[in-house]
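Taking it in order: structure first as structure tokens, then the write-up.
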Amino acid sequence: MFKTACIAALREVLGDDAADLDLGALLSPPPKVEMGDLAFPCFPLAKIRRAAPPKIAAELAAAMSAGGPIAEVKALGPYVNFFADPAAMLAGLHDGLADGSFVGACRSEAPKRVMIEFSQPNTHKVFHVGHLRNVSVGDALVRVLRARGHDVVAANYYGDFGIDVAKCLWWLGRHAQEEPPAEGRTAWLGDAYTAATLAVEEAEAKGKEAGDAVKASIREVLTGMEEGEPEITARYRETRQWCLDEFADIYGWLGVTFDTDFFESELEAAGNKVVDDGLAEGVFVESQGAIISDLESDSLPVALVRKSDGSSLYMTWDLALARRKFDEFNVEQSIYVVGSEQTLHFKQLFATLGKMGYERAKDCRHVSYELVMLPEGKMSSRKGTAIPFHQLRTRVLDAIRAKMAEAGSAIDEAAANKIAIACLKYGMLHVGNTRSVIFDIEDWTNPEGDTGAYLLYSLARIAGIQRKAGEGVDLGADVPADSGFGVEAERGLLNHLTAFPQIVKRVEDTCDPSVLANYVYEGAKRFSRFYSECPVLKAEPALKLARLKLAACTQRVFTEALSLLGIDAVESM
RNA sequence: GCGGGCGUAGCUCAAUUGGAUAGAGCACCUGACUACGGAUCAGGAGGUUGGGGGUUCGAGUCCUCCCGCCCGUACCA
């Protein structure tokens, strides 16, 4: 309403000069609240009107008058700055939140059916901090795209088969007397996998013969898995289930859910069929004894789809899986949340799907993100520096409980868990996808500063105000014009809250949840300033009403924004 | 070699997609009504945005050439 009023006012004074200008796009908030709520830059008019931008700004401002939602118009240098009527803006936001139109404004004009594949954990390997970034990003995207009105299928894809699994089982077979721990069995299996990998390397170091012997005995295990040899199959099924149970436990704790699960172990036959079909159709060709997808027309290197020994690869499974996504799930868009080291793989996958005749291949999207690092440097499961998830969880929880104890509050386990999750997810999400995340447990759980706890704290403070305000106030009532509402701290917060729908859209466009995470943090900063500068309960009735309404709006928007990040609010902490 | 990513305060990150004096947090220094929750707020100090050139009213952002780090580059996943 305010913005459209500004556009209308500009269009009126500009006349034909506005013909080629996208006024809505040019209008943007000034860097500081005291400069107004929206600004119009006059640079594009300089050529048309053949005058200096500041002069044009002054002329335009003089030609416009305040009225309706516009409280004031004035020129500031080369900009025309519009000031909103704060009470009207507050009323607009509050009513929009009450009748659902504000959140409704987040919705896309073109809803579609989209599948988001993320997490993709490997069984028989450690689930560690690094994997948490993928889960955080993927889950946030699922939530955001749903808020945008899309029909989202959240998909997981378990790497539960293949030579790596065989390695782990091979090692266990040789150390059968060792018992798995009660907690962290995935990590325990991961250790076995690592030990097996080291054993292979050691053997190889001794010579080709020794290396081949070890690899052959591992391959025997794989063959046993493929052919259903009883002992191997029993061990495989049991250990696989341990991993799936532990993954379920992790997702449960994090509040992450999937609509469908895919398993690598189920794609072998479909993969073979994709390759055979492709050969028959001339999509794939033979090369050096292997089957490839020639992507020269797409300026990409060839992609191997079947090894010369006849076995399939990662690409083969992914092609088969993509086929299911299109044919069985009928998705219009397919999103893959996978680390940036696989960028080439996905370019090749999408190009190959295009060659196979899937028009929607062009709407496939690889959401790539950089690695998680430790303050000491790269994580290495080899060196044991990767922090297994179960260990991470207890360490973060301990840090949060310690802080609660220090603050003298009774330790509320439910709240402690929510705060721990907020710290972890916010830490993973507030950095842009293209940059690596440095996981520093001290930093992330630091009670002071830019953390998930800070976000929850602002909500706890709002809840505190509301508890003391009681039920007596009718927030639906209008704020009188002379309430005194509208100082900088109030308008800064109000402006920020209003921008929420655009932020949600931007997250979809960029597939980068850090946009939203930073938005909430910035909002929490603005709320804290409001909180310290603007007493609510002690204010005069009219002003108190306005501030209570603003606090309520803040609560609604923050709660919604955090939920899109997969973070739950707490009442007290 | 080729392709992609990154480089912003001592450290960790932003910057509304080309706009006003490049902003936050940590760490350091100084303050805040016996408090609607101090897990907070205000202020100070800290910058040649890796470097050079270019595009234009205007560049951290776009083009170009260097430098540094990371990733990828058909029979691993």
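Residue numbering restarts at 1 for every chain, and letters A, B, ... go by the order of the sequence lines. Since the structure is predicted, the reported quantities are computational estimates derived from the model, not experimental observations.
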Phosphate oxygens OP1/OP2 of B:A14: is one of them under 4.0 Å from a side-chain N or O of A:R435?
yes
Basic-acidic side-chain contact under 4.0 Å: A:D398, A:R401:
yes
Does the cation-pi check pass for A:R240 over A:F263, that is, NZ or CZ under 6.0 Å from the six-membered ring centre and within 45° of its axis?
yes
Do A:S532 and B:A32 have a side chain to base donor-acceptor pair shorter than 3.5 Å?
no
Specify the separation, in whole Å, of atom CG of A:L371 and atom P of B:C6.
14 Å
Could you work out the separation of B:G38 and B:G50 based on their C1' atoms and round it to a whole Å?
40 Å
From B:U17, B:G25, B:A39, pick the nucleotide closest to the side chain of A:Y457?
B:A39
Base, sugar-phosphate or nothing for A:R547? Non-hydrogen atoms, less than 4.0 Å.
nothing
A:M573 has an atom CE; how far is it from atom C1' of B:A39, in whole Å?
6 Å
For the residue pair A:F82 and A:F2, categorise the inter-ring angle as parallel (less than 30°), tilted (30 to 60°) or perpendicular (more than 60°).
perpendicular
Ignoring backbone atoms, establish whether A:S528 has a side-chain N or O less than 4.0 Å from OP1 or OP2 of B:C41.
yes
So A:Y336 and A:F350, would you call those rings parallel, tilted or perpendicular, with 30° and 60° as cut-offs?
tilted
Looking only at atom P, what distance separates B:G7 and B:A15, rounded to whole Å?
11 Å
Less than 5.5 Å between centroids and less than 30° between ring planes, does A:F43 satisfy that with B:G58?
no
Between A:K47 and A:L38, which residue's closest nucleotide on RNA chain B lies nearer the 5′ terminus?
A:L38
Hey, is the side chain of A:S308 pairing donor to acceptor with the base of B:C75 inside 3.5 Å?
yes
Which whole number of Å gives the distance between the C1' atom of B:A32 and that of B:C69?
44 Å
Check whether the aromatic ring of A:Y521 stacks on the base of B:A24, taking stacking as ring centres less than 5.5 Å apart and planes within 30° of each other.
no
Should A:T434 be listed as having a side-chain N or O under 4.0 Å from OP1 or OP2 of B:C6?
yes
Kindly point out which of B:A77, B:A24, B:A20 is positioned nearest to the side chain of A:P31?
B:A20
How would you label the contact of A:A39 with the nucleic acid (heavy atoms, under 4.0 Å): base, sugar-phosphate, or nothing?
base
Can you tell me, in whole Å, how much space there is between the C1' of B:A45 and that of B:A35?
29 Å
The residue, A:E341 or A:K347, whose nearest nucleotide of RNA chain B is more 5′ is A:K347
